[in-house]
There are 2 protein chains.
Amino acid sequence: MARAAGLSIATVSRALNRPELLNEDTRRIVNEAVARLDYRPSVAAKRLRGNRTDLILVVVPSLSPFFLDIFAGVEAAAERAGFSVLVGHTDRNSARERLFVDQVGASRADGIILVTSVDLPTLTGMGWLPPTVVALDVDGGGGLPMVRVDHVAGAEDATNILLNLGHTRVAHILGPERSGMTRHRLEGYQRALAARGLNVNPDYCVRGDFTVESGVAAINALLALPSPPTAVFAANDQMAIGAIRGLRRRGLQVPRDMSIFGFDDERIAALCDPPLSTVRIPTFEIGRTAMEQMLRLLEGAAMEHDLVLPTELVIRDTAAPAPDRA
Amino acid sequence: MARAAGLSIATVSRALNRPELLNEDTRRIVNEAVARLDYRPSVAAKRLRGNRTDLILVVVPSLSPFFLDIFAGVEAAAERAGFSVLVGHTDRNSARERLFVDQVGASRADGIILVTSVDLPTLTGMGWLPPTVVALDVDGGGGLPMVRVDHVAGAEDATNILLNLGHTRVAHILGPERSGMTRHRLEGYQRALAARGLNVNPDYCVRGDFTVESGVAAINALLALPSPPTAVFAANDQMAIGAIRGLRRRGLQVPRDMSIFGFDDERIAALCDPPLSTVRIPTFEIGRTAMEQMLRLLEGAAMEHDLVLPTELVIRDTAAPAPDRA
DNA sequence: TTGAAAGCGTTACCAC
DNA sequence: GTGGTAACGCTTTCAA
């Protein structure tokens with residue numbers, strides 16, 4: 001103990017936390033002793049008293065690059081506030097999710113940020129919940145603080161780009177059934193068409209499952225139509241890339257023969273050939289905002305309980321004017 | 001406090017930690033009380049006594065997808081041992097790295113896994129160091145426990161594949177200067193050639209900087225040679241993809257007109273067109289092994305101080321027999 | 001088999 | 001301004 005400094009234990013504590021209360025001399029003495037003994041306050045003891053850990057647990061369903069930027073955002077905001085970030089992933093397993101929540105219950109962390117909860121209803125049904133913020137879930141719910149993104153508006157924007165380029169036959173490759181994301185993105189597509197008085201041709205809505213292969217299959221189905229589209233909005237980048245690949249295999253070029261738009265702005269979108277026009281989800285900002293919400297929650301400050309962040313169009317090289325306009 | 005269970009504080013503690021010492025009845029009483037009060041032991045208090053946090057800090061230079069699998073490996077091993085994982089990134093900033101090390105010094109975590117240290121020499125020069133494992137650094141050093149990967153052997157294997165396909169004019173696109181990784185991969189390339197009695201044509205070694213663009217530039221330089229190579233081993237996937245792209249722009253096809261080999265097996269390698277043959281770095285295993293080393297370090301158990309993991313060839317579609325053999 | 005009590009390193013309250 | 005001390009919630013001797 002730093003009482004080898006010849007001073008009382010209380011004084012040392014003050015010197016470290018509220019130096020302004022002390023004599024300059026005493027302060028100096030303490031500082032010297034600290035330096036001499038290479039003394040570091042025990043975080044554990046501080047926690048025992050303060051009942052806080054300055055730790056936030058971020059739980060993701062899977063460790064995909066997509067969540068990396070979210071994490072980066074959380075970390076940025078956390079660091080500024082003196083928090084560190086614990087990471088866990090649930091493997092989309094609801095039991096694991098509950099386990100993590102319990103960890104926080106056991107005061108291993110001050111709060112938990114759930115990036116896309118696996119099973120929100122069960123969670124909110126569990127009597128007590130630690131301070132929780134849900135990020136990126138499509139559907140609101142549970143009355144927990146949320147940070148989300150407007151998939152409908154994003155899809156509408158993307159479709160509008162295609163429409164503004166003069167395309168009138170614009171198809172949509174949907175995501176898997178029963179996914180809220182799929183539903184929202186489809187809705188955005190429909191809205192954009194409706195706003196122009198165009199009606200949705202059911203043949204132009206083909207189902208995929210978010211994989212590259214399903215994109216290839218979808219474009220083949222579209223091409224087999226008596227009157228194929230001239231532009232395609234895919235519900236994610238992978239399927240958009242599949243579409244481009246399918247087109248290329250038939251000797252068709254993007255965007256000369258067909259315009260393509262994706263969604264997500266995954267890393268590969270910028271790297272593929274040609275670079276894909278797509279819709280960016282503000283991942284970093286979602287992470288940052290979620291952490292900021294957490295800080296407010298922890299302080300008991302007033303807060304907006306459902307924050308919706310806008311997406312952003314990323315125009316690259318896969319969308320060109322419609323052929324009759326070119 | 002669970003002394004509402006009518007028992008002494010010590011008994012409760014025992015019931016939770018060493019139930020075998022107790023009467024079955026008492027044990028039951030405690031369990032009931034625990035359930036009734038939804039009691040959770042305070043981690044903070046436990047730590048104060050035990051002087052450990054059951055936390056491991058993983059520090060990466062940047063938040064790239066590459067480190068994701070490493071993290072997954074660390075987490076897998078950590079979870080099994082009852083540890084949680086804290087994540088930090090240094091932005092390649094040596095001061096930040098020292099900061100994280102200090103965090104551990106302040107007993108916020110029991111140990112630190114440095115995934116590619118920014119500044120190992122400074123660190124080892126800092127008098128005291130917390131339990132530290134270094135993962136993925138190319139050069140050994142500092143006497144710290146290391147988990148590494150054999151870049152030389154990986155590069156040699158890749159080059160040998162090309163050589164075995166009958167190519168005699170095999171070029172290499174190097175990474176940036178002053179990178180240990182670049183040096184090792186170049187060495188592997190040279191070794192493979194030397195083993196066949198081939199000598200290294202300096203024109204066939206062109207410098208890149210690990211970006212797609214530099215790959216395009218490199219392939220252009222190679223193609224401009226009086227006698228261009230028929231196969232290219234690029235020091236990473238990005239440059240390999242750049243090479244493929246450059247080739248395609250000139251109407252050349254891979255692997256028909258040129259064989260290409262990458263290094264790293266990034267996600268994009270499987271997704272690009274055609275899927276890239278490359279060398280996989282066992283990222284998950286590196287993470288797991290590093291954490292296992294950490295566990296040994298913490299226990300003071302005997303351990304190998306420099307573990308080198310093998311790379312793995314991933315044969316996809318970008319390498320074909322040499323033209324005169326086809 | 002169980003209970004009492006010391007001690008872990010802080011902070012915060014109250015005296016001096 | 002500074003020192004004494006209780007309290008935080010646990011583990012771990014030591015006694016009973």
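Remember, predicted model here, so these are calculated numbers, not experimental data. The figures here come from the full heavy-atom set of this structure, side chains too, leaving out hydrogens, waters and symmetry mates. To find a chain, count down the sequence lines: A is the first, B the second, and so on, and within it residues start at 1.
Listed here is the closest heavy atom pair of A/Phe67 and A/Ser62: CD1-O, 3.0 Å. B/Asp110 approaches B/Pro131 most closely through the heavy-atom pair O-CG, 3.4 Å.
In this entry the distance linking CD1 of A/Ile9 with P of C/dC13 reads 16 Å, nearest Å. Computed from coordinates, the B/Leu16 CG to D/dT12 P distance equals 13 Å when rounded to whole Å. Taking atom CG of residue B/Asp54 and atom P of nucleotide D/dT11, one finds them 12 Å apart after rounding to whole Å. A/Ile29 places its CD1 atom 12 Å from the C1' atom of D/dT2, with the value rounded to the nearest Å. Between the P atom of D/dG4 and the CZ atom of A/Arg14 lies a distance of 11 Å, rounded to the nearest Å. Rounded to whole angstrom, the span from the CG atom of A/Asn17 across to the P atom of C/dG9 amounts to 17 Å.
Residues B/Leu48 and B/Arg18 each lie close to DNA chain D; by heavy-atom proximity, the contact nearer the 5' end of the strand is made by B/Leu48. Comparing B/Ala45 and B/Leu22 against DNA chain C, the residue whose closest nucleotide sits nearer the 5' end is B/Leu22. When each of B/Leu21 and A/Arg40 is assigned the nucleotide of DNA chain C with its nearest heavy atom, B/Leu21 is the one assigned upstream, toward the 5' end.
OP1 or OP2 of D/dT2 has at least one side-chain nitrogen or oxygen of A/Thr26 nearer than 4.0 Å. Residue A/Asn51 places none of its side-chain N or O atoms closer than 4.0 Å to OP1 or OP2 of D/dC8. Taking 4.0 angstrom as the limit, B/Thr11 places none of its side-chain polar atoms (N or O) nearer than this to OP1 or OP2 of C/dT2. Between A/Ser8 and D/dG3 there is a side-chain polar atom (N or O) within less than 4.0 angstrom of OP1 or OP2. At D/dG9, none of the side-chain N or O atoms of B/Ser42 fall inside 4.0 Å of OP1 or OP2 (strictly under the cut-off). Checking the phosphate oxygens (OP1, OP2) of D/dT11, a side-chain nitrogen or oxygen of B/Ser13 falls inside 4.0 Å.
When each of A/His151, A/Arg183, A/Arg148 is tested with A/Val138 by the rule side chain to side chain contact (heavy atoms under 4.5 Å, CB included), just one qualifies, namely A/His151.
Comparing C/dA5, D/dC10, C/dT2 by their nearest atom to the side chain of B/Asn23 picks out C/dT2.
Judged by distance alone, the side chain of B/Glu97 and the main-chain N or O of B/Val118 form a donor-acceptor pair under 3.5 Å.
Judged as a salt bridge (charged side-chain N to carboxylate O under 4.0 Å, His left out), and not counting sequence neighbours, the contacts of B/Arg96 are A/Glu79.
Within 4.0 Å of B/Arg47, counting heavy atoms only, lies no atom of the nucleic acid at all.
Between the side chain of A/Arg49 and the base of C/dA12, no donor-acceptor pair under 3.5 Å is found.
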